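Heads up, the thing below is written out as C-alpha cells.
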Amino acid sequence: MHDLKADCASCSGLCCVALPFSRSADFAVDKAAGEPCRNLRDDFRCGIHRDLRREGFPGCVAYDCFGAGQKVTQVVYEGRDWRRRPESAREMFAVFPVVRQLHELLWYLTEALALPAARSLHADLRALLDETGRLTRATPQEILAADVAACRERVNPLLLRASELARAGLRGKKRRGADLMGANLKGADLRGADLRGAYLIGAQLKGADLRQADLIGADLRAADLSGADLTGSLFLTRSQIGSAQGDTATRLPPALDRPAHWSGR
C-alpha cells in the first residue's frame, strides 16, 4: 500500500488549502475551502506539525489523504503547484477531494485483495482496483466528471462479501451502525464482529479483542484502544486510529503505523 500513504514532501499542501474546517474540538479556527491554513509555510509544510494537538488541531493529526495529495500534485498536474500556477488552483482544489475519495476506495480494495478467504472475489476486486486506479490518473476534467457515489456502489458489495468470507466461522457480534458512544467494552470479545459504521466515540476498548472485526466506517474518535488487539481487523484506516487513543501495547495491522501521540501507558 506504499502509494496509498501520504507523502507530504511530494504534495503542495493541498489538504491545508482545498478543504474547509470549522472551529471545534478538532480545529482551533475556521477556514474556508480554498483558503490556505494560517500554519502553512511557503515550502508547503506545516509550521506547527509537531505541536498540532497542543495547538488545537487534532483533526489535522487524524486526517489522511491516502496518498491523494502527491497523486494530484505529481501525476494529475505533473508537478505543478497552485502557487506557481494560480490559474489552475481552483480546479486543483476541486480535483483533490475527488481523488482522495477514490484513493480511499483503493485502500479498501487493496486490503480485500490481501484476504485469502476472499480469493473467489479477487478477479472482480482486481478489475475494480485497476479501473479506479486509472481514474485517479485521468485528466482533471475526467476526474471532476467521475461519479464517486456510483463507484462506491460497485465496490461496497464486494467489500461486504469479502468481510463475510474473512469472518466466517467466528460468530462475531453484529453491531453494524450501533450507537456505542462511551460504551464500556473493556476486555470485550469482539473478534470477528461486524462494527461497520458503528459509533464508538469515547468508547472504552482497553484490552478488547478486535481481531478480524470489520471496522469500515466506524467512528473511533477518542476511543481508548490501549492494549487492544486489532491484528487482522478489517478495513481499519490511519484516520480512525489517528482519532483514537492507544499505547505501546495496542496491536495494529502491519499496514498501519502507531500514531505519534499515543502514550506509553
Side-chain angles (χ1 to χ4, degrees), residues 1 4-6 8 15 19 21-22 24-28 46 48-67 100-101 103-104 107-108 111 159 163 166-167 172-265:
M1 294 186 179
L4 299 178
K5 184 174 183 179
C8 296
C15 66
L19 306 179
F21 51 72
S22 300
S24 62
D26 292 321
F27 301 101
C46 176
I48 60 168
H49 179 70
R50 294 184 178 181
D51 300 308
L52 280 167
R53 292 181 64 84
R54 189 178 66 186
E55 295 291 332
F57 292 87
C60 294
V61 176
Y63 180 77
D64 181 26
C65 74
F66 296 94
R100 192 268 179 196
Q101 292 180 73
H103 267 234
E104 183 178 10
W107 173 274
Y108 293 140
E111 181 170 336
L159 298 182
S163 173
R167 295 181 295 109
K173 294 179 173 60
K174 297 180 180 180
R175 305 306 303 273
R176 183 182 302 182
D179 183 351
L180 297 170
M181 291 190 289
N184 183 5
L185 297 169
K186 183 177 180 179
D189 181 5
L190 295 170
R191 187 175 184 184
D194 181 355
L195 293 167
R196 294 171 66 93
Y199 296 94
L200 289 158
I201 302 170
Q204 173 57 260
L205 289 160
K206 188 173 184 178
D209 187 349
L210 288 154
R211 289 177 291 171
Q212 282 77 51
D214 187 340
L215 292 166
I216 194 168
D219 194 334
L220 294 171
R221 283 177 293 170
D224 187 354
L225 296 172
S226 302
D229 190 350
L230 293 108
T231 306
S233 58
L234 305 175
F235 309 124
L236 184 65
T237 68
R238 285 182 289 267
S239 291
Q240 287 171 300
I241 62 169
S243 67
Q245 296 293 329
D247 60 12
T248 56
T250 306
R251 300 181 64 184
L252 295 170
L256 298 176
D257 297 324
R258 195 175 308 276
H261 70 275
W262 281 12
S263 71
R265 60 192 169 96

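In this text, all values refer to a predicted model and were calculated from it rather than measured experimentally. FYI, the numbering just counts along the sequence from 1.
Residues meeting the salt bridge (Lys or Arg N to Asp or Glu O under 4.0 Å) test with Arg50, sequence neighbours left out: none. Arg196 meets the side-chain hydrogen bond (donor to acceptor under 3.5 Å, both in side chains) test with Asn156, Asp214; sequence neighbours excluded. Every side-chain contact (heavy atoms from CB on, under 4.5 Å) that His49 has, sequence neighbours left out, goes to Cys46, Leu52. The side-chain hydrogen bond (donor to acceptor under 3.5 Å, both in side chains) test applied to Asp219 returns Arg221, not counting sequence neighbours. With sequence neighbours excluded, the residues that form a side-chain contact (heavy atoms from CB on, under 4.5 Å) with Ala62 are Ser243. Evaluation of the side-chain hydrogen bond (donor to acceptor under 3.5 Å, both in side chains) rule for Asp179 yields no partner, not counting sequence neighbours. Every residue meeting the side-chain hydrogen bond (donor to acceptor under 3.5 Å, both in side chains) condition with Thr231, not counting sequence neighbours, appears here in chain and number order: Asp229. Scored by the ring-ring contact (aromatic ring centres under 6.0 Å, His included) test, Phe235 finds Tyr108 as partners (sequence neighbours excluded). Shown here are the ring-ring contact (aromatic ring centres under 6.0 Å, His included) partners of Phe57, two or more places apart in sequence or in another chain: there are none.
Judged as a ring pair (Phe, Tyr, Trp, His ring centres under 6.0 Å), not a single pair has a partner in residues 172-203 (not counting sequence neighbours). Identified under the salt bridge (Lys or Arg N to Asp or Glu O under 4.0 Å) test for residues 184-194, with sequence neighbours left out: Arg176-Asp194.
Checked by atom type, the side-chain pair Ser24/Asp26 shows no donor-acceptor distance below 3.5 Å.
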